[in-house]
Number of protein chains: 2
Amino acid sequence: MIYEPNQCPIRFGLGVFGDHWSLLIIRDMMFRGHTRFQDFLDAGEGISTNVLSDRLSRLEAQQIISRQKDPSNGRQVIYELTDKGKDLLPIMLTIFAWAEKYDPKTRVSKELAERIRTDLFGARDEILATIKQSI
Amino acid sequence: MIYEPNQCPIRFGLGVFGDHWSLLIIRDMMFRGHTRFQDFLDAGEGISTNVLSDRLSRLEAQQIISRQKDPSNGRQVIYELTDKGKDLLPIMLTIFAWAEKYDPKTRVSKELAERIRTDLFGARDEILATIKQSI
DNA sequence: CTGTATCCTTAGGGATACTG
DNA sequence: CAGTATCCCTAAGGATACAG
């Protein structure tokens, strides 16, 4: 058994970042350096203030991001990825690599994509075979 | 620039497997060996027939899964992952590894988790630093 | 067994105005 | 600037019956 039913890691992941907006917010922090409420509003995805507020709260509650005031400007709030949030990077990168392989429009940094491709895509069938045996 | 705006790989991924049910269906095919309509209904997630039907159609349209009749039983339909679907494995595994790190209940095969951890978590900060420079 | 077809309900989210 | 508070609306999805 790869994992215990009712203790499914995919379900766990979906609970944390499994909605449309959360993953885009994390993406913007990770790859665009966004740190402020306004940054996310201006990202062009069309998120409304109430939804953004809600998602930032949830992500903070789950310790994916931290919220603090800018010491040099007390009215400015700064959002940052926590270690738990930064550790979502491998998930993002594997999505990148998959998209680069199947979305003709996606262009990702070659080094990153190459790394993932050899490390994980390369062993795909071997790993799937291992999994099949343990079902 | 890591990727072109409006050509975002995360958006592309969300469009394919970004809803609650699709990822669970793919999981069941990948890690539980499910191949039949009834398998998914019985998976215990409580999906209804109309939604399941819809998701299977979409996944087939996106060539994540294939649909064919069982040659030995003409009334039995068999769903299988295509290569494009199998290539979602790295994404699944990185979610596994992340969940194992942060969800106390999740227990994943050690070898798989270890492989991902050293390959990708290990270089996390280094990669993030590279990204920051190119924003 | 593998789906459609309907009905119905609710949660999610857009628009907007407003506040500390 | 960073949110809250409403209002409203629609699309997603659960339940169920039925069909090929």
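By convention in this document, chain letters (A, B, ...) are assigned in the order of the sequence lines, proteins followed by strands, and residues within each chain are numbered from 1.
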Which residue pairs satisfy the salt bridge (Lys or Arg N to Asp or Glu O under 4.0 Å) criterion with at least one member in residues 50-69 of chain A, sequence neighbours excluded?
A:Asp19-A:Arg55, A:Asp54-A:Arg58
Roughly how many Å is it from CG in A:Leu24 to P in C:dG12, rounded to a whole number?
17 Å
Got a salt bridge between B:Arg36 and B:Asp70, using NZ or NE/NH1/NH2 to carboxylate O under 4.0 Å?
no
Starting at atom CD1 of B:Ile47, determine the distance to atom C1' of C:dT4, rounded to an integer number of angstrom.
15 Å
Could you walk me through whether B:Ile131 and A:Met30 satisfy the side chain to side chain contact (heavy atoms under 4.5 Å, CB included) test, starting with their C-alpha distance in whole Å, then the side-chain angles of each, then the deciding distance to 0.1 Å, before giving a yes or no?
CA-CA 8 Å; B:Ile131 288 167; A:Met30 208 171 258; 5.5 Å; no
B/S/- contact track for nucleotides 15-20 of chain C, protein heavy atom under 4.0 Å:
BBB---
Show every ring-ring contact (aromatic ring centres under 6.0 Å, His included) that has at least one partner inside residues 35-55 of chain B, sequence neighbours left out.
B:His34-B:Phe40
Tell me: CG of A:Leu52 to P of C:dG14, nearest whole Å?
11 Å
Looking at B:Phe31 versus B:Phe96, is the centre-to-centre ring distance below 6.0 Å?
yes
So which of residues 28-42 of chain B are in contact with DNA chain C, with a heavy-atom cut-off of under 4.0 Å?
B:Arg36, B:Phe37, B:Gln38
Rounded to whole angstrom units, what separation is found between the NE2 atom of A:His20 and the C1' atom of C:dA11?
17 Å
Nearest 0.5 Å, please: how far is CZ in B:Arg124 from CG in A:Leu88?
10.0 Å
Let's see if you get this right: which residues in residues 54-76 of chain A place a heavy atom under 4.0 Å from DNA chain C?
A:Arg55
Does the distance from a Lys or Arg side-chain N to an Asp or Glu carboxylate O, for B:Lys105 and A:Glu4, drop under 4.0 Å?
no
Has A:Thr130 got a side-chain atom pairing as donor or acceptor with A:Glu126's backbone, closer than 3.5 angstrom?
yes
side-chain hydrogen bond (donor to acceptor under 3.5 Å, both in side chains) pairs, two or more places apart, involving residues 89-104 of chain A
A:Thr94-B:Thr94, A:Lys101-B:Asp87, A:Tyr102-B:Asp87, A:Asp103-A:Thr106
Would you check if the side chain of A:Ser57 reaches a backbone N or O of A:Ser53 as a donor-acceptor pair within less than 3.5 Å?
yes
